[in-house]
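Here is the structure we will look at.
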Amino acid sequence: MAATTKKTSAPKKKAPAAKAAAAKASAPKAASGKGANGAAGFTPDVPDVRIYRGSGHTHESLGLSADDVLAMYRNMLLQRRFEERAAQMYGRQKIAGFLHLYIGQEAVSTGAVWATRPTDPIITAYRDHGLALARGMSSDSGMAELFGKIDGCSRGKGGSMHFFDVSKHFYGGHGIVGGQIPVGVGMGFASKYKGDGGCAMVFFGDGAINQGAFHEAANLAALYDVPVLIIVENNEYAMGTSVERARGDANLYKQGYPYGMTTAVVDGMDLFEVYGAFRQLADQARGAEDGQTRPFFVEVQTYRYRGHSMSDPQKYRTKEEMESKKGEDPIIRTKMYILEHELATQPDLDQIDEEVKAEVMAAVDFAEQSPLPDVSTMYEDVYVQEDYPFIA
Amino acid sequence: MAATTKKTSAPKKKAPAAKAAAAKASAPKAASGKGANGAAGFTPDVPDVRIYRGSGHTHESLGLSADDVLAMYRNMLLQRRFEERAAQMYGRQKIAGFLHLYIGQEAVSTGAVWATRPTDPIITAYRDHGLALARGMSSDSGMAELFGKIDGCSRGKGGSMHFFDVSKHFYGGHGIVGGQIPVGVGMGFASKYKGDGGCAMVFFGDGAINQGAFHEAANLAALYDVPVLIIVENNEYAMGTSVERARGDANLYKQGYPYGMTTAVVDGMDLFEVYGAFRQLADQARGAEDGQTRPFFVEVQTYRYRGHSMSDPQKYRTKEEMESKKGEDPIIRTKMYILEHELATQPDLDQIDEEVKAEVMAAVDFAEQSPLPDVSTMYEDVYVQEDYPFIA
Amino acid sequence: MAELQFREALRDAMTEEMERDDTVFLMGEEVAEYDGAYKVSQGMLDQFGPERIIDTPISESGFTGLGIGAAIMGLRPIIEFMTWNFTFVAFDQIVSNAAKVRYMSGGQARVPIVMRGGNGGAGQLGATHSNSVEAFYSNVPGLKIIAPSNPDDAKGLLKAAIRDDDPVLFLESELMFGLKGEVSDDEDYVLPIGKARIAREGDDVTIVAHSKSYWLAMEAAEELAKQGVEATVIDPRTIRPFDTGAVIDSVKQTNRLVIVDESQPFGGIASEIGFQIQQACFDHLDAPIERVTAKDVPAPYAKNLIEAWMPSVDDTIAAAKRTLYM
Amino acid sequence: MAELQFREALRDAMTEEMERDDTVFLMGEEVAEYDGAYKVSQGMLDQFGPERIIDTPISESGFTGLGIGAAIMGLRPIIEFMTWNFTFVAFDQIVSNAAKVRYMSGGQARVPIVMRGGNGGAGQLGATHSNSVEAFYSNVPGLKIIAPSNPDDAKGLLKAAIRDDDPVLFLESELMFGLKGEVSDDEDYVLPIGKARIAREGDDVTIVAHSKSYWLAMEAAEELAKQGVEATVIDPRTIRPFDTGAVIDSVKQTNRLVIVDESQPFGGIASEIGFQIQQACFDHLDAPIERVTAKDVPAPYAKNLIEAWMPSVDDTIAAAKRTLYM
Ligand SMILES: Cc1ncc(C[n+]2csc(CCOP(=O)(O)OP(=O)(O)O)c2C)c(N)n1
Ligand SMILES: Cc1ncc(C[n+]2csc(CCOP(=O)(O)OP(=O)(O)O)c2C)c(N)n1
Ligand SMILES: [Mg+2]
Ligand SMILES: [Mg+2]
């Protein structure tokens, strides 16, 4: 388990508070309250940051069985092979529009999903295949969506950027950078409102943190004690812009501080690290330990191996950088772990690889054979109300 | 001079950077760089906060003459009397729409203006009379604007919330909460672009800090080293909502940290404190000391004595609170200082009061007598181009 | 029937729906402890407590998105905007999320959210505070838009909006909150979304007008009657979906149409209604369709200017007469 | 004349204006080191350096507002949006600040900013990425809106936009960036804002279409010609101010009007043009005005659906024929 530096968070008053007791006392003047004589007497709060990195987890220390690890491994591989095949199909023009691959980030999706409840809502950006598959979307319906077919997860209406599988509590797939962040906080808000013990997870990129929507949503989450993990997948680039070139300060961990939110920094290339972090954070967020719901700001440090989308010449990074990152490949690392700890043999793993490949090929066949949506379906799903009057 | 805790700011890479050297090295992993073994080895950056409070300034220590102090005093009083009279005229329905009084916050406008150059651009929210008058807008054109007359500072088009005096480098008067923050950063950006040594000042309220525009603008200012002071006038309330009820953490000083920006916390009820702080901050921002432009995040702690606007029953605060704040009245404090230090006599000050009252009464007369704008002027000032075709 | 203020009718609608359905909550700036900036939610905090009447920071994009997320999860949020002017900072949430999530998910998600607040001119407030948003939001499929003109419609339609499974934008008016009118005291008074109300019948000209403009139209009709011109006045009540049929039926009788709408004219809903009617009633129109709108400049502050800027009874009478070549 | 791609024409316009005026700079996501998401600004960083070709974080509201502030201070920013879909997060800056600051200041401030980027459908991108923003922004007085259909107009109008002292929204199309066309090599090629171009003359029907839709209209006109119907095709080029006069003149001759516009129909600019023309040409119209637009639902992803969703040559031909009762 990661070492943590939990500290008592600053006292604050909830928005939905009793009318009478508006004890506005000292907070805004806190900075001055400490001493009348300038900086000498003032010490700012220490940022509350937990590091989930190099914790030395084993699957046993995390309470995972060999089967669990193999299932996770299999799913990571599925995400990888699914996308490799999708890229190929994009080349063959079976898939159109934008296609953003998650390759390299599979430990994040997989660790997060395995560490949380299947009913915990998940919402993310357009780089959404990995999380969808981790959450149990079938490769068939995912691939059919990419092909724009009626059996796609969004009936061919969403495409790569707008995967949805509400039955799996996977709520998209959102194309506007940062736009899903308040929505994700609202999902956690609903859990708190209903008292259902859920913990929402909203994922977004290092580029999206620069949207105003992040700031507003993070503050609301903190103010209302929303059970939500606000997760930036820092893969170091937003298209061709590195984090350093997008931020006044590249240390994203700082971004939880102004809201009084605990920040977690997680090694996103290490499946167990992600799993361990998310299990602890989600449980604390849902109040499993103390009955108190709360949000966390989570920076997962990961890396995108492919271009931003299919048309990215990637001049913004060096070959050396990419080579050096390959050594951290979360799938290879997990494979090594499995072999070292003899959770499976190389032939077992080859077998898994074959299965996964076959599943993805079957998905391609399925997608090929699924019909195009009937043109009449274009007018469906705009409103719940079925007899809604349209002007054509 | 306030004690300061200046620290070297985290290294960062500018956005307009040389193409070749994309040294993305360590920053995003900084959190982990410090030690491989979890939190034990990690220490987050210490927030860089300067406190300008209780510095024990005298006018002499600040290099101000007696005349300077009296001029500042007179202007504060002008702001106060102008608004008291405006409130009265509002009651008589000479003024309509929303009228937000600045009463209680006059030390902020006055200290900030006197400490900076007359050409440093200023932009603020709808609570704008104080800053406009401090910057030298005439009471006549201000009052005429409130009356909706052609001689108003905005030709009767803006009203109370949209005061402008471009000749004085006062750029409004903005009605959408937080909307002026990026615009203000752009004004500083223009100074840097032109290399004119200017330092922009953008003022907004404690409520406005919760707008996404703040977050985006602050990061841009830090990223581009914009010479701008990003100033939250924390008067403890946004309408009826106290800072505690609006924030995950009520300590606004924390909001500079994620952008790697130095925060200044300033006693906004003390004219000299504001003056001292702004002189130092503006000069450092414009690079007067080291040729390097930079932004600061400034929390000015002040208090609004009146309701949010003219229709505010003010049930959200207690009489005791308001009484206790009256003791901090910046005008009374300055008056006390003047008398104690014998910069003027009571009769001198009475004389100033009379002059100010007369000026304001003259402004009311001026506003009364100024004509309503001709209806044809409604079609003017939409575009610079004069023959722009309208559909009526 | 009870005589209620517009704000009371809204409050009653919300209160009744909150009483019958636990998933309904109200969120917005100053809705709770302050009792609402315009006192629409007065007393609701006391009745429902801070878990369901929720004050927010000034973060329209944030709390609109929060509402959308909560709606997707099965709650029925009512989001109050202090006014619709302030939704421009939440525009993306409304247009990209509320309106489109259902479609993009192939019908899996539903977004039963109501967003409501004052819209349009509200006196001498200047250009940032006088926007009519009909033109912006009615262009967006996936949204429904309601804009009632009287307390009775306000109550029946707000209850319908809260029960509706799709996102509904509910446009009120600061200047109408105090307007009194008879309100049905049916136990469960719900009006259909998308049905216009024929407020007055006359054979000479049809006037379509919603919200505040409706009252201009009625006043103009009374004045016209004195001059021997009998107008039909139609209050569409819902902007999207628009009850084109009701207007067509009337224009087929009157052969003349005037639309009053205080939005900016260019691409406003007056143009839309006019376009649809010139198509549907081409052979019936005896005169060009006229519109009476705000002037095509930003809203000024000065009293005489803002009065000239807003559509007026006189403008409406003049437009009606033009259709009659009077 | 040189044959240039649309993106090259835009680049030349920006480059020439930046060479002649130091106050012009370009700012946006990926405009500098990446050479532009759609390579419009390729090479400009090398020529002008990082002080004038400026990469931004994904903060549209922030950098749009920054541009507005810089413009008020006398600079001439060109703000590139990766696409206009992403301006919904900057809507308030454009509508409340860029458009209104001049008016609210009584004419003291000017905002010489150009905002530009791809608009409208761009293939199978789904509902968040296929918006046409004409309807939203053309409703707003204070803005000017240009939407050229070919490289020559693009160059002449972008140069005009950069020199204009008012905020100009410049709508391009991802699908047209590669479009080639002859571009004037006049040394200083500036076209007037607000003037339509008559692209083709015919006596039977007038078709108005801008940007991508213009090419549909031209194709439809060629096809109609084969069937004996001669169409006048008008490319308005500027949406606001709209050159109504040019359309009126033509409709007075053809007595029929079709407007092609890939925006959503409700309150779109097709409605506006139609409204204005039914008023101005009431006695000249021999048939109802027709519009061809995107379908009134969010944009779908599937190939066949998005094709059906977009206005088409066939739709345009059919609409023209309806006006001719064919
Ligand atoms: C508001 C908005 N602006 C711009 C874009 C275009 N865009 C799509 S993805 C992207 C980069 C996002 O980077 P990041 O958030 O780091 O996520 P990643 O792609 O690395 O997963 C940009 C600029 C958009 N979709 N939405
Ligand atoms: C975007 C937006 N939302 C809401 C409002 C309505 N409003 C006007 S002032 C105000 C309170 C602002 O408080 P604060 O920022 O603290 O400034 P203060 O009034 O205290 O000076 C609100 C909610 C607005 N004008 N703009
Ligand atoms: Mg990224
Ligand atoms: Mg305040």
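Per chain, numbering begins at 1; letters A, B, ... match sequence-line order. What's counted below: heavy atoms across the whole structure, side chains too, no hydrogens, waters or symmetry copies.
- A side-chain donor from one of C:Glu30 and B:Thr241 sits under 3.5 Å from a side-chain acceptor of the other.
- Between chain B and the options C:Glu307, C:Glu60, C:Lys303, the largest number of non-hydrogen pairs under 4.5 Å is found for C:Glu60.
- C:Tyr301 places no side-chain N or O within 3.5 Å of a backbone atom of B:Ser154 that could act as its donor or acceptor partner.
- Contacts of C:Phe63 with chain B are absent, with no heavy-atom separation under 4.5 Å from either backbone or side chain.
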Exercise for the section: For C:Lys295 and B:Met378, run side-chain contact (heavy atoms from CB on, under 4.5 Å): C-alpha distance rounded to whole Å, both residues' side-chain angles, the deciding distance at 0.1 Å, then the answer. Expected result: CA-CA 9 Å; C:Lys295 304 305 171 287; B:Met378 180 170 67; 3.6 Å; yes
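- Heavy atoms of other residues, nucleotides or ligands lying less than 6.0 angstrom from NZ of B:Lys94 number 12 at most.
- Judged purely by distance below 3.5 Å, without hydrogens or angles, the side chains of B:His162 and C:Thr128 pair a donor atom with an acceptor atom.
- Heavy-atom distances place the side chain of B:Val177, and not its backbone, under 4.5 Å from chain C.
- B:Met239 and C:Ala37 make their closest contact through CE-CB, 4.3 Å (heavy atoms, listed as atom of the first residue, atom of the second, distance).
- B:Ile95 touches chain C through backbone and side chain together, each having a heavy atom under 4.5 Å away.
- Proximity to chain C is absent for every atom of B:Asp381, based on heavy atoms less than 4.5 angstrom apart.
- Here the options are B:Asp206, B:Asn210, B:Ile209, the test is side-chain contact (heavy atoms from CB on, under 4.5 Å), and the partner is C:Pro57; only B:Asn210 passes.
- The nearest pair of heavy atoms linking B:Ala238 to C:Ile58 is CB-CD1, 3.9 Å.
- In this structure the side chain of C:Val89 reaches within 4.5 angstrom of the side chain of B:Gln211, judged on heavy atoms.
- Ion pairing between a basic and an acidic side chain is recognised when a charged N comes within 4.0 Å of a carboxylate O; C:Glu33 and B:Arg245 show such pairing.
- Without hydrogens or angle criteria, C:Asn304 side chain to B:Val375 main chain gives no donor-acceptor distance under 3.5 Å.
- Among C:Gly126, C:Pro300, C:Ser59, the residue with the largest count of heavy-atom pairs under 4.5 Å with chain B is C:Ser59.
- With a 6.0 Å radius and a threshold of 12 heavy atoms from other residues, nucleotides or ligands, C:Glu219 has its CD atom at or below the threshold.
- The minimum heavy-atom distance linking C:Leu125 with B:Gly97 is given by the pair CD2-CA, 3.6 Å.
- Pairing each heavy atom of B:Pro373 with each of C:Ala302, the nearest pair is CG-CB, 3.7 Å.
- Put simply, CG on C:Asp35 and OH on B:Tyr316 are 13.5 Å apart, with the number rounded to the nearest 0.5 Å.
- A pairwise comparison of heavy atoms in B:Pro313 and C:Tyr34 identifies CD-OH, 3.8 Å as the closest pair.
- Neither the backbone nor the side chain of C:Ser61 has a heavy atom closer than 4.5 Å to any heavy atom of chain B.
- Within the 4.5 angstrom heavy-atom criterion, only side-chain atoms of B:Met161, from C-beta onward, approach chain C.
- Of the listed residues B:Leu146, B:Thr377, B:Asp374, the one with more heavy-atom pairs under 4.5 angstrom with chain C than any other is B:Leu146.
- In this structure, NE2 in C:His129 is found 5.5 Å from CZ in B:Phe98, a value given to the nearest 0.5 Å.
- Considering only heavy-atom pairs separated by less than 4.5 Å from chain C, the leading option among B:Gly158, B:Gly212, B:Gly152 is B:Gly158.
- With chain C as the partner, the residue from B:Gly207, B:Ser160, B:Gly178, B:Gly179 showing the most heavy-atom pairs under 4.5 Å is B:Gly207.
- Side-chain contact between C:Phe86 and B:Ile176 is present, with at least one heavy-atom pair separated by less than 4.5 Å.
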